[in-house]
4 protein chains.
Amino acid sequence: MNDAQPVKKVSRIQQRNRELILDAALEVFSKQGFRGATLDQIATQAGLSKPNILYYFEGKEDIHVTLLNQLMDTWLDPLRRIDPEGDPLEELMRYMHLKLDMSREYPRESRLFANEILQGAPRMLPHLETGLKQLVDEKAAIITGWIDAGKLAPVDPRHLIFSIWATTQHYADFDAQVQILMPGGGANSDGARGYLDTLFRKVLTP
Amino acid sequence: MNDAQPVKKVSRIQQRNRELILDAALEVFSKQGFRGATLDQIATQAGLSKPNILYYFEGKEDIHVTLLNQLMDTWLDPLRRIDPEGDPLEELMRYMHLKLDMSREYPRESRLFANEILQGAPRMLPHLETGLKQLVDEKAAIITGWIDAGKLAPVDPRHLIFSIWATTQHYADFDAQVQILMPGGGANSDGARGYLDTLFRKVLTP
Amino acid sequence: MNDAQPVKKVSRIQQRNRELILDAALEVFSKQGFRGATLDQIATQAGLSKPNILYYFEGKEDIHVTLLNQLMDTWLDPLRRIDPEGDPLEELMRYMHLKLDMSREYPRESRLFANEILQGAPRMLPHLETGLKQLVDEKAAIITGWIDAGKLAPVDPRHLIFSIWATTQHYADFDAQVQILMPGGGANSDGARGYLDTLFRKVLTP
Amino acid sequence: MNDAQPVKKVSRIQQRNRELILDAALEVFSKQGFRGATLDQIATQAGLSKPNILYYFEGKEDIHVTLLNQLMDTWLDPLRRIDPEGDPLEELMRYMHLKLDMSREYPRESRLFANEILQGAPRMLPHLETGLKQLVDEKAAIITGWIDAGKLAPVDPRHLIFSIWATTQHYADFDAQVQILMPGGGANSDGARGYLDTLFRKVLTP
DNA sequence: TATGAATGAGTCTTCATTCAT
DNA sequence: CATGAATGAAGACTCATTCAT
């Protein structure tokens with residue numbers, strides 16, 4: 001039970017440092033964008049030396065791509081979970097709330113993604129064209145089915161999805177603006193939740 | 001009547017070149033972000049030499065700030081036009097449609113703005129804190145007045161505004177994604193207009 | 001007669017600096033090889049700043065390739081001049097002496113070339129496979145014709161050419177060794193000329 | 001009889017690893033030159049880790065110097081074997097053929113040596129100035145004696161040696177070029193042997 | 001012996017900006 | 001007004017070598 005596990009120990013340092021680096025990079029990339037970020041900033045943020053960063057990743061781009069790949073999975077998970085067997089309205093409302101939660105909990109990831117799409121998604125096009133498109137097509141079909149069954153108001157499913165993305169991610173991506181414009185600096189963030197609940201419930205209810 | 005007017009002639013060239021540069025810079029900044037853009041790209045795009053660019057502007061930052069300043073005016077114009085005397089629902093619906101038009105006609109401006117806010121608005125904070133905040137406060141008060149008068153459904157006016165911004169600008173800022181996900185590459189863009197009209201009409205109708 | 005020629009003046013600076021750089025690069029590359037040479041050394045040798053070097057050339061490789069391209073022409077010129085109509089023995093002896101002269105006058109070029117071939121000619125293969133091969137084939141045919149006409153002793157023309165190259169370039173490429181081994185430090189360099197004259201005259205005379 | 005012999009065992013591993021490293025280093029140095037080679041390449045080629053390489057050698061330079069030292073002995077052996085008592089012409093012809101054999105069998109060593117001399121022999125000057133020079137002087141005296149005895153045609157013995165070196169090593173050092181220029185890619189390598197035999201026999205025969 | 005991890009000193013290259021005309 | 005030439009500062013990446021185990 002007290003077996004030495006030197007191999008795993010080594011692996012743990014690797015694991016730990018890769019995570020340190022990815023977290024630091026997420027911080028920096030999400031704030032500065034890919035071109036604006038420097039390895040120096042990432043290294044400082046991670047508490048490692050610059051060459052040590054390059055011991056764990058092949059280069060700046062490698063770090064960025066690794067982040068984006070990891071992100072896609074987490075990011076699309078709520079959409080994947082929309083259950084064709086569930087109650088249509090509640091499934092979609094739950095999806096919207098999950099997206100809002102993610103914007104609140106993972107604003108850096110949201111901004112990283114926004115940055116990438118804004119630049120034309122140079123490093124994500126393949127991901128979007130395969131994984132994302134397929135998933136959206138599938139879920140759009142489900143929504144259409146619900147509408148045809150009279151369980152939802154008739155709306156274009158893709159524009160519906162866009163509007164959920166746009167309104168929820170707005171609180172992460174445009175946070176600087178939100179903080180300025182909300183009385184009390186946006187501290188009372190439940191306003192958004194209530195408003196968006198009303199908004200989407202009204203548009204979806206048949 | 002045949003007086004030479006060198007000063008004005010110069011001024012015209014100046015005017016023209018400043019516009020050339022700003023247009024080129026908008027193109028480049030909106031695609032690459034501030035840090036990702038280079039003076040070389042802007043110069044090439046403008047058809048001018050690099051030192052000549054710096055004859056008209058003090059530096060890269062100066063160009064960027066000038067663009068943002070110019071942008072703010074145009075960008076906020078539709079909001080300013082919301083008429084306290086008009087019909088509440090129609091005023092807000094018109095505002096939303098104007099914003100959607102702007103996203104369609106001026107996507108570069110939208111992306112430039114999005115880039116800036118994403119980075120934390122380092123070069124626009126003053127603008128936001130004074131001009132924008134004041135305007136939003138003022139219009140929020142108007143909306144609140146309309147709600148209190150029973151002419152609109154009761155919604156938080158600021159979150160309403162955010163959702164209008166988010167949903168309309170989405171089509172400019174996340175265009176790369178929209179193009180991939182919409183059947184036919186998003187060519188039929190009237191779907192968005194119809195959907196958003198329904199969305200906001202439903203949430204606003206008392 | 002004293003017309004100002006501003007355009008040419010500009011061109012002259014370019015011309016002059018490109019030559020400065022190429023000469024400096026020849027010095028450095030021929031001594032250190034491609035990988036061993038640094039832009040710093042070339043810049044110092046040329047009396048220019050490092051970024052200024054990169055104003056005139058696209059990079060280290062560009063300088064190297066430019067040098068090699070220029071070199072090929074000069075280097076093959078003596079071979080090109082072998083005249084099918086001339087006296088066979090004298091044509092070949094003249095060629096050998098020209099090659100020896102070039103080793104004496106342009107030892108840096110010889111070493112640059114030797115370095116490149118030693119590394120497997122990574123940046124010259126196309127040149128060798130087209131220009132050089134064609135030229136050697138052509139001259140080999142001429143030599144074969146002379147041999148068939150009984151005007152030269154029967155030798156393999158390609159190995160003959162190789163031996164001329166090897167023996168003459170040796171005095172440039174292996175100069176460090178020659179200097180050590182020749183009494184008087186190889187100052188009396190006419191020994192080589194006399195020896196090679198005898199060597200090739202004996203092997204070529206029918 | 002069952003005594004453990006850890007020291008000798010260790011020594012054997014040491015011996016084996018030093019040889020692995022030197023062979024790998026020869027491969028890499030001869031292809032890339034000293035500056036162009038990296039410890040990583042040598043380690044990979046040797047199948048050892050980089051720090052392990054540095055356990056056996058003090059550094060990159062140490063490996064290189066060790067290689068050159070080992071090389072000198074082997075390399076000069078054929079020259080040493082020229083027998084003052086033997087038949088002059090046959091001794092020298094045998095020497096030439098031995099050198100040609102070595103170029104064929106040990107091209108990496110030839111290139112390593114050529115690289116070093118090309119760079120001005122920075123790490124071999126002492127060797128050349130003592131061992132090599134003394135040996136060449138000695139053999140040159142023998143050749144001179146043979147010439148004075150009328151057993152060889154009168155040629156400068158040092159230039160004779162240079163030409164033997166140059167012509168035979170050419171097939172190793174300039175192999176990339178030879179492969180391109182010889183019909184059939186130089187597969188039929190006996191042409192060189194016959195040609196050089198003729199060449200030197202003619203120049204040496206009194 | 002052996003190696004995963006780490007780094008200081010380069011090395012190439014980019015770029016906003018300045019110089020000189 | 002305009003631009004060819006030039007550069008200091010910074011940035012990504014390499015590599016021989018050292019550290020820690």
Side-chain angles (χ1 to χ4, degrees), chain A residues 4 6-7 9-14 16-17 35-43 48-63, chain B residues 6 9-11 13-14 16-17 34-43 48-63, chain C residues 4 6-7 9-14 16-17 35-43 48-63, chain D residues 6 9-11 13-14 16-17 34-43 48-63:
Chain A
V7 174
K9 240 182 191 169
V10 164
S11 175
R12 252 184 227 144
I13 291 183
Q14 286 233 10
R16 182 181 138 274
N17 279 349
R35 292 285 307 266
T38 72
L39 281 185
D40 260 318
Q41 293 171 317
I42 296 173
L48 298 172
S49 72
K50 197 165 34 165
N52 203 14
I53 301 283
L54 295 165
Y55 175 75
Y56 287 100
F57 290 90
E58 301 206 349
K60 188 181 173 181
E61 179 124 7
D62 183 26
I63 304 176
Chain B
K9 250 183 189 168
V10 163
S11 183
I13 290 182
Q14 287 220 7
R16 182 180 141 276
N17 279 350
F34 179 72
R35 293 284 309 263
T38 72
L39 280 186
D40 259 318
Q41 293 171 319
I42 296 173
L48 298 172
S49 72
K50 206 163 31 160
N52 205 12
I53 301 280
L54 293 165
Y55 174 82
Y56 289 101
F57 291 90
E58 299 201 351
K60 189 181 174 181
E61 179 123 8
D62 184 24
I63 304 176
Chain C
V7 174
K9 242 183 192 169
V10 165
S11 175
R12 254 184 225 145
I13 290 183
Q14 286 234 11
R16 182 182 139 274
N17 279 350
R35 292 285 308 265
T38 72
L39 281 185
D40 260 319
Q41 293 171 317
I42 296 172
L48 298 172
S49 73
K50 198 163 36 164
N52 203 14
I53 300 282
L54 295 166
Y55 175 75
Y56 287 100
F57 290 90
E58 302 205 347
K60 189 182 173 180
E61 179 123 7
D62 183 25
I63 304 177
Chain D
K9 254 183 183 167
V10 163
S11 181
I13 290 182
Q14 287 221 6
R16 182 181 140 277
N17 278 349
F34 180 73
R35 294 283 310 264
T38 73
L39 280 186
D40 260 317
Q41 293 170 317
I42 296 173
L48 297 173
S49 73
K50 207 163 31 161
N52 205 12
I53 301 279
L54 293 166
Y55 173 79
Y56 289 102
F57 291 91
E58 301 201 349
K60 189 182 175 183
E61 179 124 8
D62 184 25
I63 305 176

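We name chains A, B, ... by the order of the sequence lines, and we start the count at 1 in each one.
Taking the side chain of C:K50 as heavy atoms from C-beta on, and the options E:dT13, F:dA2, F:dA5, the nearest nucleotide is E:dT13. Proximity note for D:S49 (side chain, C-beta onward) versus E:dT3, E:dT17, F:dT7: the nearest is E:dT3. Set against E:dA2, F:dA16, F:dC15, the side chain of D:L39 has F:dA16 as its closest nucleotide.
Applying the 4.0 Å criterion to OP1 and OP2 of E:dA2, one finds that D:N17 has a side-chain N or O inside that range. Contact annotation: D:R35 does not reach the phosphate of E:dG10 (side-chain N/O to OP1 or OP2, under 4.0 Å). Phosphate proximity of E:dA5 to A:R16: absent, as no side-chain N or O sits under 4.0 Å from OP1 or OP2. Between C:Y55 and E:dT14, a side-chain N or O to OP1/OP2 separation shorter than 4.0 Å is absent. When the side-chain nitrogen and oxygen atoms of C:N52 are compared with OP1 and OP2 of F:dA5, none of them lie within a distance under 4.0 Å. For E:dA5, the OP1/OP2 oxygens have a side-chain nitrogen or oxygen of A:Q14 closer than 4.0 Å.
Residue A:Y56 is the one, among A:Y56 and B:L54, whose nearest nucleotide of DNA chain E lies closer to the 5' end (criterion: closest heavy atom). Taking the nucleotide of DNA chain E with the nearest heavy atom to each of A:I53 and B:K60, the more 5' of the two is matched to A:I53. Toward the 5' end of DNA chain F, the nearer of the two residues A:A37 and B:L48, judged by each one's closest nucleotide, is B:L48.
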Table please: side-chain donor-acceptor pairs of residues 51-61 of chain A below 3.5 Å, with sequence neighbours left out.
residue : atom : partner : partner atom : Å
A:Y56   : OH   : A:N17   : ND2          : 3.0
A:K60   : NZ   : A:F34   : O            : 3.0
A:K60   : NZ   : A:A37   : O            : 2.7

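Shown here are the salt bridge (Lys or Arg N to Asp or Glu O under 4.0 Å) partners of D:D40, two or more places apart in sequence or in another chain: D:K50.
End-to-end axis angle of the helix from E:dA2-F:dT21 to E:dT21-F:dA2, using five pairs per end and rounding to 10°, comes to 30°.
Residue A:F57 contributes atom CZ, which lies 16 Å from atom C1' of E:dA6 at whole-angstrom precision. Straight-line distance from the CZ atom of C:R12 to the P atom of F:dA5: 14 Å, rounded to whole Å. The distance from atom CD of C:E58 to atom C1' of E:dT14 is 13 Å, rounded to the nearest whole Å. Separating the CG atom of A:D40 from the P atom of E:dG8 is a distance of 12 Å, rounded to the nearest angstrom.
When all heavy atoms of B:A43 and B:S49 are compared, the pair lying nearest together is CB-C, 4.2 Å.
Using a 4.0 Å heavy-atom distance criterion, D:A43 is classed as making no nucleic acid contact.
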